[in-house]
Amino acid sequence: MVASLLAAGVEPTDITVVTTEDGAVDLLAGLPTSLRGEVRQVVHDPDNAESMAYLAASHDAHPINVNRILVDADLLIPVTTLRPTGSLGDLGVAGGIFPAFSDRATQI
């Protein structure tokens with residue numbers, strides 16, 4: 001994915017890969033050494049209120065806070081799995097983002 005963005009002319013310093021705590025592996029290891037210092041990888045911290053941004057309110061008026069990097073992004077490309085509708089763990093097309101990148105209170 002990063003290679004495709006670079007080929008399209010995106011500057012490496014404009015690319016941030018955000019992972020959950022569970023997915024905190026070095027996803028940039030496959031990049032050339034010269035790019036690893038320019039493309040950022042951030043591990044989402046659901047306990048850090050400073051890293052959250054208000055996105056919307058739930059149907060029962062509870063705030064929905066999501067990782068600020070995702071909210072502020074000009075372009076968001078989720079890389080996740082999509083489960084069959086109605087299957088265990090199916091949260092719809094946004095299931096790879098929410099609640100995984102929300103605050104701890106929302107995740108519980």
Side-chain angles (χ1 to χ4, degrees):
M1 186 60 61
V2 171
S4 297
L5 291 170
L6 295 170
V10 176
E11 293 295 322
T13 54
D14 291 334
I15 300 172
T16 302
V17 177
V18 184
T19 63
T20 61
E21 296 169 304
D22 295 336
V25 296
D26 186 4
L27 297 175
L28 307 180
L31 291 177
T33 307
S34 61
L35 293 175
R36 280 190 227 144
E38 296 186 58
V39 176
R40 264 186 357 154
Q41 180 173 341
V42 175
V43 177
H44 171 66
D45 180 359
D47 298 313
N48 180 354
E50 294 295 316
S51 70
M52 299 294 158
Y54 176 80
L55 180 65
S58 68
H59 60 78
D60 51 351
H62 293 289
I64 298 173
N65 295 305
V66 178
N67 186 289
R68 181 175 304 283
I69 294 170
L70 304 180
V71 172
D72 292 345
D74 292 329
L75 174 66
L76 179 63
I77 303 172
V79 179
T80 185
T81 56
L82 186 60
R83 300 177 192 276
T85 302
S87 68
L88 183 63
D90 170 42
L91 297 172
V93 295
I97 298 171
F98 183 81
F101 291 99
S102 61
D103 58 3
R104 181 76 65 200
T106 304
Q107 290 179 357
I108 297 175

Item checked: Steps toward side-chain contact (heavy atoms from CB on, under 4.5 Å) verdict (T106, F98) -> CA-CA 9 Å; T106 304; F98 183 81; 3.5 Å; yes
**Message:** Counting neighbours of CG on D60 that are heavy atoms of other residues, nucleotides or ligands and sit closer than 6.0 Å, is the number greater than 12?
**Reply:**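 Yes, because the 6.0 Å sphere around CG of D60 holds more than 12 heavy atoms from other groups.
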Please identify each residue that fulfils side-chain contact (heavy atoms from CB on, under 4.5 Å) with A53, with sequence neighbours left out.
->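 If we apply the side-chain contact (heavy atoms from CB on, under 4.5 Å) test to A53, skipping adjacent residues, the hits are R68, V71.
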Could you measure the distance from the [atom1] atom of [X] to the [atom2] atom of [Y]? Nearest 0.5 Å is fine.
{"X": "D14", "Y": "L75", "atom1": "CG", "atom2": "CG", "answer": "11.5 Å"}
{"X": "L55", "Y": "N65", "atom1": "CG", "atom2": "CG", "answer": "8.5 Å"}
{"X": "N48", "Y": "N67", "atom1": "CG", "atom2": "CG", "answer": "9.0 Å"}

**Study point:** Residue pair V17, M1: steps toward the side-chain contact (heavy atoms from CB on, under 4.5 Å) verdict
**Key:** CA-CA 10 Å; V17 177; M1 186 60 61; over 6 Å; no
[X] versus [Y]: any side-chain heavy-atom pair under 4.5 Å?
{"X": "V39", "Y": "L31", "value": "yes"}
{"X": "L5", "Y": "I77", "value": "yes"}
{"X": "L6", "Y": "I15", "value": "yes"}

- ILVMFWY network linking I64 to L76, side-chain heavy atoms under 4.5 angstrom: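 Same cluster.
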Y54, F101: one ILVMFWY side-chain cluster at the under-4.5 Å cut-off?
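Y54 and F101: separate clusters.
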Hey, is the main chain of [Y] close enough, under 3.5 Å, to the side chain of [X] for a donor-acceptor pair?
{"X": "Q107", "Y": "S102", "result": "yes"}
{"X": "H44", "Y": "D103", "result": "no"}
{"X": "Q41", "Y": "T19", "result": "no"}

**Prompt:** By salt bridge (Lys or Arg N to Asp or Glu O under 4.0 Å), which residues pair with D47, not counting sequence neighbours?
**Reply:**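 D47 satisfies salt bridge (Lys or Arg N to Asp or Glu O under 4.0 Å) with R104 once adjacent residues are dropped.
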Give me each pair satisfying ring-ring contact (aromatic ring centres under 6.0 Å, His included) with a member in residues 59-87, each pair once, sequence neighbours excluded.
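Pairs touching residues 59-87 that pass the test: none.
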